[in-house]
Each structure stands twice: as C-alpha cells, then as structure tokens.
Amino acid sequence: MRKGILGLTAAAAALSLGLTACGGDGGGTSTAQNSGGASASSAAKPGKIGVILPDSKSSPRWETADHKYLEEAFKAAGVAYDIQNAQNDKSAFQTIADQMITNGATVLMIVNLDSGTGKAVIDKAKGQGVPVIDYDRLTLGGGASYYVSFDNVKVGQLQGEGLVKCLADKKVEKPIIAELNGSPTDNNATQFKQGYDGVLKPKFDSGEYTKGPDQSVPEWDPVKAGTIFEQMLTSQPKIAGVLAANDNLGNAAITVLKKQKLNGKVPVTGQDAGVQGLQNILAGDQCMTVYKAVKKEADAASQLAVALAKGEKPSVGGTTKDTQTGQDVPAVLLDPLSVTFDNVKDVVADGFVTKDELCKGEYADKCTKAGIQ
Ligand code: BGC
C-alpha cells in the first residue's frame, strides 16, 4: 500500500473505518453493476453527485488537483457526477447549483465563494432533500451536513513558524513583517490568520519583530495582491519578512520584491505546494509552503458523498465549530505539512506534482540539489 507523507487525524481515520463498515467495497455503481460483496440494501443505485469548485485563479489546486482527484474517486466508485467551476462568479455559483439539482443531483459538494451565497445554495438544496458537503471551506451559518478540510489553524501556524525559522536562518534582526491575508470572505483565511498571528503576535508584543502592513486580498486575487504589496513596500521599504497566505499571493509579493532586487533576501511564505510555489522555493525566493494532500481530502469527501448518495448516514469522528451559529458540524480535518527546500522532494514522491513539470529548464539543477529523483 502506498504510504502518504501525511498522517490522517483521528477524525479521518474514524471516517475511513466507518465507511469501510457500512460502505462495503464501494462497488455499488450507477450503472447497476454491483461488484458483489455488498448486501442487498446497499445495492441501491446511488444518485448523482454535483461538485462546484470556486475559481481557477486564486490557486492552481482547484483544477489541477481537486478536480482531478475527485473525478478519479467518483470514477473508481462508479457513481454519476458533475464537476463544475463557478469561475469566481457568485451568481453563476447559484445557477450551477440549481441546474445540478434539476438535473438529478442527490448530493452537492461545494467550495463556497462566500458564506452568504454558500448558505443560499445549502438552504435550497436542503429544501429539496439534497445533503450538502462543505468542501475545504466552511460555510458560516450554512448548516452543511459535513465539512471536509484540513486543520486550517494549523496551516497558519506552520506558516508563522516557517517565517520565524527563515528569518532566524538569515539572521535578520528586528524584522518588519508584512501580512498578505487571504480573502476576507473565506473562513479558511480567517483560520490561517488565527494560526500565524498566534505565532507572530507574541514577537510583536515583545519587540522582537515589528508589525508592518497587514491586509486581506479580496477573492485571493493574485493581481490585486501585487498591487497591494507594491503599495506596502512603497510605504514601508524596510519590510523584511512576508507572511503570504498562499503561493499565488507569495508569488505576487516575490514579483514586486524582484523589481527591488530583494527577492531571496526577504523571506516569503505560501501554501498549496503547486508547481510555481515549489519552483519559487527551489529558486530561493520563497522560504516555505504548506502542502495539503488534496488527494486525501478529495478521497474523504467523495467517500462521504457516495455514502450519502446511497442514502446512508455516515458518521465521522470529528466536528468543527461554526463560529456564526455556535453549532458543531461533523468534520474530517486532515493534517497539513510544512515544506522547505529540503522536503520539496516529498511532495513529488507523493505524486502531487511531477518531476517533469517541476524540474524544467533552469530548475533542473536545483531539483538535483534538492534530491528530486
Ligand atoms: C484554500 C487554499 C487556497 C485558497 C485560494 C482556500 O480556501 O484552503 O488552499 O489557496 O482558498 O483558493
């Protein structure tokens, strides 16, 4: 069995156990061929699963990883599915959901663009008896049936600790820190910030670090991030460390730093471990990223969706608190992993990016130095 580099949390382990117990070998399919082991009741034909992804520009992950892994999982389970991308359009997001339900979706999986429109979709779906899984982003006040994601406060904590380590390695004293936060309408961005501020604030308070500009980037838009960081660096040219909430925001900061020949001198963080983020790490322009094994996230969510589509009520070991309603949402939360130059190779070994796409041209030598086979 292939051993991933991430451990499952107790909740995720409980999920796979629970589903093994009730879902058999996953052989029930929409084409009515049942691979045998399942009992008569679970041979019921599962319905169709609709997935709405948020956009294609805030991170490469949605199309290159989530879409791919979800599709593979649904195909393997033999269920009917429809995966669409709202391309950052909130009204399209709702129209897609309506159409999916009209076209027979019996389960929805959504990555909301904000909690308001996410909740509108969940309310309508629930009204028609269609359960909804919040995938990666929790819809505040939404009351989804399940939430599948990573421990997002931990993601932020790894970013904060990564930045501290990079600054210490470079022996930077009394650094001024800039923060480029994710979208203000994404609950994950709030949790990431909670994580990294938990690491940075004590250092601001003690005077070891100085707090610099701190801004959210609407819609996680890398173009807006570039403009924002340009302004940050103009108003505070002595920025010595950048906490960027994902690789795309980090790359926007790096592009601005390059113009001042400050790239590689000012450590920048990230998240998602996509090709560009990892290349920025190999080049020494980005000090760390956070790898989230999206395959595990997609597998956990699709197992839940398939069980729901068969009319089962799978139980998961964990919960997450909806800070708006105070209610606990049944949740599967996976562990993120901090990645620096030294373990970029583990992301390749895990199959998340390929050596071919990562180690092109100028990156070939750097890949060799980083031990990427
Ligand atoms: C996800 C990140 C992603 C960001 C922008 C967040 O909700 O958790 O992985 O980088 O959205 O798409």
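Both ligands and their constituent atoms are indexed starting at 1 by order of listing. What you are looking at is a predicted structure, and each value in this text was computed from that prediction instead of being measured.
- Ionic pairing of Glu219 and Lys224 is present here: one or more N-O contacts between side-chain nitrogen and carboxylate oxygen are shorter than 4.0 angstrom.
- Counting the atoms of ligand 1 from 1 in the order shown, those under 4.0 Å from a heavy atom of Arg61 are 1 (C), 2 (C), 8 (O), 9 (O).
- Of all protein heavy atoms, the one lying nearest to atom 9 (O) of ligand 1 is Asp272 OD1, 2.8 Å.
- Contact check on Asp197 versus Lys201 returns no salt bridge, with no Lys/Arg side-chain nitrogen under 4.0 Å from an Asp/Glu carboxylate oxygen.
- Note on ligand 1: Trp62 sits in its first shell, one or more heavy atoms being nearer than 4.0 Å.
- In summary, the side chains of Tyr81 and Glu71 do present a donor paired with an acceptor at a separation below 3.5 Å, with no hydrogens or angles considered.
- No side-chain heavy atom of Val332 sits under 4.5 Å from any side-chain heavy atom of Tyr146.
- Salt bridge status for Arg137 with Asp134: absent, with no side-chain N to carboxylate O gap under 4.0 Å.
- The ligand atoms of ligand 1 that sit less than 4.0 angstrom from a heavy atom of Arg137 are 4 (C), 5 (C), 6 (C), 7 (O), 11 (O), 12 (O).
- The protein non-hydrogen atom at the shortest distance from atom 6 (C) of ligand 1 is Asp186 OD2, 3.3 Å.
- Close approach of ligand 1 to Lys292 is summarised as follows: ligand atoms under 4.0 Å from at least one heavy atom of the residue are 1 (C), 2 (C), 8 (O), 9 (O).
- Salt bridge status for Glu230 with Lys259: present, with a side-chain N to carboxylate O gap under 4.0 Å.
- Scanning the protein for heavy atoms near atom 4 (C) of ligand 1, the closest one is Trp220 CE2, 3.5 Å.
- The nearest protein atom to atom 12 (O) of ligand 1, hydrogens excluded, is given as Ser58 OG, 2.6 Å; this is a heavy-atom distance.
- Using a 4.0 Å cut-off between a side-chain N of Lys or Arg and a carboxylate O of Asp or Glu, Asp214 and Lys193 qualify as a salt bridge.
- Annotation for ligand 1: atoms under 4.0 Å from non-hydrogen atoms of Phe192 are 8 (O).
- At the top of the distance list for atom 1 (C) of ligand 1, counting protein heavy atoms only, stands Asp136 OD2, 3.2 Å.
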